[in-house]
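Okay, structure first, notes after.
FYI, the numbering just counts along the sequence from 1.
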Amino acid sequence: MCVYLPLTGDEEAQSGDSVREQALSAASRIQQAAADPDSLRAAAREELPQVLALTGRTWEEDDLDSYVYANLYTPENWAANLSEGAMEVLRGTSYGGCSVLENESSITVFLRLNPEEEYTAEDLRPYVTRSMKQNELDEALAAQGAELPHELDEQAIDALWK
């Protein structure tokens, strides 16, 4: 589970070290509250409005799920989403532990959960099925797409790719 804190937003909003420092403070408070996923969500609900205001973004209560993700980040999909340094930090985070990662445009608080304790087999079925069959699905979709009739303007396509 993770909480995403953006550092950029409207051009007229605050920027720079002040926003980063305040967002890091918010991330630290979220990290301290992350004893369980419900506490992490409650802390995020408390901190996000202030962090978003710094970047000129507005906050609506319905926005919480846009900034708090319950996606499963696993070693299999980390490489597609994270830098090598971030992966090393997460590998070193114990289950139940919380890490704060930052880059140029965001700070993210990751709560590392043990899927065997937090999810049932039924909860994980769609994720596991997708992981196992993604390549096969991609190939089937590409083959079906190639068979569709089209009237592409080759000159326009060539112009776009130059």
Side-chain angles (χ1 to χ4, degrees), residues 1-9 23-24 26-48 51-52 55 57 59-154 156-158 160-162:
M1 177 174 256
C2 62
V3 179
Y4 171 76
L5 304 170
L7 297 176
T8 59
L24 279 170
S28 178
R29 289 188 292 274
I30 292 168
Q31 184 179 23
Q32 291 170 3
D36 67 63
D38 292 333
S39 295
L40 182 128
R41 287 181 66 83
R45 182 179 285 114
E46 186 73 28
E47 299 293 338
L48 275 164
V51 172
L52 294 176
T55 63
R57 297 171 191 239
W59 167 259
E60 304 266 338
E61 187 64 27
D62 294 341
D63 291 341
L64 186 64
D65 289 335
S66 297
Y67 296 96
V68 179
Y69 300 91
N71 293 352
L72 287 176
Y73 284 100
T74 66
E76 290 78 30
N77 68 12
W78 284 353
N81 298 291
L82 302 169
S83 69
E84 184 60 40
M87 289 187 291
E88 284 303 314
V89 169
L90 292 180
R91 283 185 196 109
T93 302
S94 61
Y95 288 126
C98 203
S99 298
V100 176
L101 302 175
E102 59 181 295
N103 62 33
E104 293 296 316
S105 62
S106 68
I107 294 172
T108 307
V109 181
F110 284 91
L111 173 61
R112 187 167 185 199
L113 301 173
N114 183 345
E116 293 175 359
E117 293 176 7
E118 301 294 327
Y119 301 98
T120 66
E122 198 57 38
D123 293 336
L124 296 173
R125 182 182 308 278
Y127 172 77
V128 172
T129 302
R130 183 176 179 99
S131 293
M132 292 173 62
K133 295 294 192 174
Q134 186 65 49
N135 289 343
E136 191 176 317
L137 176 63
D138 290 345
E139 289 171 10
L141 290 173
Q144 289 176 3
E147 293 175 6
L148 292 173
H150 62 82
E151 295 180 24
L152 299 176
D153 183 336
E154 294 298 329
I157 290 173
D158 289 342
L160 287 173
W161 292 110
K162 287 185 182 181

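The environment of E104 atom CD is sparse: at most 12 non-hydrogen atoms of other residues, nucleotides or ligands sit within 6.0 angstrom.
No salt bridge links D63 with R45; every basic N to acidic carboxylate O contact stays at or beyond 4.0 Å.
Annotation for E47 and A26: closest pair OE1-CB, 3.5 Å, computed over non-hydrogen atoms. Here the closest heavy-atom approach between residue V51 and residue P6 is recorded as CG1-O, 3.9 Å. In terms of heavy atoms, L7 sits closest to N103 at CD1-O, 4.0 Å. Residues A27 and I107 approach most closely at CB-CG2, 3.8 Å, considering heavy atoms.
Looking at L90 and M87, their side chains never come closer than 4.5 Å, going by heavy atoms from C-beta outward.
Note that the OH atom of Y4 and the OG atom of S105 stand 5.0 Å from one another [nearest 0.5 Å]. Going from atom OG1 of T129 over to atom CG of L137 covers 12.0 Å, rounded to the nearest 0.5 Å. Atoms CD and CG, from E60 and L48 in turn, are 13.5 Å apart once rounded to the nearest 0.5 Å. Taken from CZ in R91 to CD in E84, the straight-line distance is 5.0 Å, to the nearest 0.5 Å. Of the inter-residue distances, the one linking W59 atom CH2 with L64 atom CG reads 4.5 Å to the nearest 0.5 angstrom. With rounding to the nearest 0.5 angstrom, the OG1 atom of T93 is 10.5 Å from the CD atom of E88.
Remark: the backbone N or O of C98 is paired with a side-chain donor or acceptor of Q31 at under 3.5 angstrom.
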Please report the C-alpha distance between I30 and V100 in whole Å, then the side-chain angles of each, then the deciding distance to 0.1 Å, and finally whether the side-chain contact (heavy atoms from CB on, under 4.5 Å) criterion is met.
CA-CA 10 Å; I30 292 168; V100 176; over 6 Å; no
For a side-chain contact (heavy atoms from CB on, under 4.5 Å) check, start with the C-alpha distance between F110 and V89, then their side-chain angles and the critical distance, and finish with the verdict.
CA-CA 10 Å; F110 284 91; V89 169; over 6 Å; no
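Judged purely by distance below 3.5 Å, without hydrogens or angles, the side chains of N135 and E139 never pair a donor atom with an acceptor atom.
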